[in-house]
Amino acid sequence: MTNGNSIHASTTQSDICSRCGAFFRCGMRAGDKACWCASYPPAFPVPEAGAGCFCPKCLAELIAQAQAMQQ
């Protein structure tokens, strides 16, 4: 039996948000045709290998902040 706090053994840095530490599913790592993040507007360069990605919540917040600063 596992608890809600356990993370699957195959979890990598790309599965953990580099901002808040939340677990999320990286579509690119999972082999999907396109990752969920591709539906967001381009606001940041793709992180370098090993740099980690943002979860959907953090990415949406960071994009909103970047857009607000451009106005």
Side-chain angles (χ1 to χ4, degrees):
M1 176 182 261
T2 61
N3 64 36
N5 295 327
S6 66
I7 296 176
H8 190 273
S10 67
T11 297
T12 67
Q13 187 174 1
S14 65
D15 294 311
I16 299 173
C17 180
S18 60
R19 183 176 183 227
C20 73
F23 175 79
F24 66 97
R25 183 177 181 276
C26 174
M28 294 304 291
R29 183 182 173 287
D32 294 348
K33 191 172 187 174
C35 187
W36 58 266
C37 65
S39 66
Y40 284 79
F44 301 97
V46 175
E48 293 181 21
C53 293
F54 301 115
C55 68
K57 180 179 180 258
C58 286
L59 183 57
E61 289 174 357
L62 290 168
I63 289 172
Q65 289 173 3
Q67 290 174 336
M69 291 177 66
Q70 292 177 357
Q71 296 178 2

Please list every donor-acceptor pair under 3.5 Å in which a side-chain atom of residues 31-41 meets a protein atom from a residue at least two apart or in another chain.
residue: Asp32; atom: OD1; partner: Arg25; partner atom: NH2; Å: 3.0
residue: Asp32; atom: OD2; partner: Arg25; partner atom: NH1; Å: 2.5
residue: Asp32; atom: OD2; partner: Arg25; partner atom: NH2; Å: 3.4
residue: Trp36; atom: NE1; partner: Arg25; partner atom: O; Å: 3.0
residue: Ser39; atom: OG; partner: Trp36; partner atom: O; Å: 2.8
residue: Tyr40; atom: OH; partner: Pro56; partner atom: O; Å: 3.4

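- A continuous path of Ile, Leu, Val, Met, Phe, Trp and Tyr side chains, each step under 4.5 Å between heavy atoms, connects Phe24 with Leu62, placing both in one hydrophobic cluster.
- For residues 52-61, the set of pairs meeting the salt bridge (charged side-chain N to carboxylate O under 4.0 Å, His left out) definition, not counting sequence neighbours, comprises Arg19-Glu61, Lys57-Glu61.
- The distance from atom SG of Cys53 to atom CG of Asp15, rounded to the nearest 0.5 Å, is 9.5 Å.
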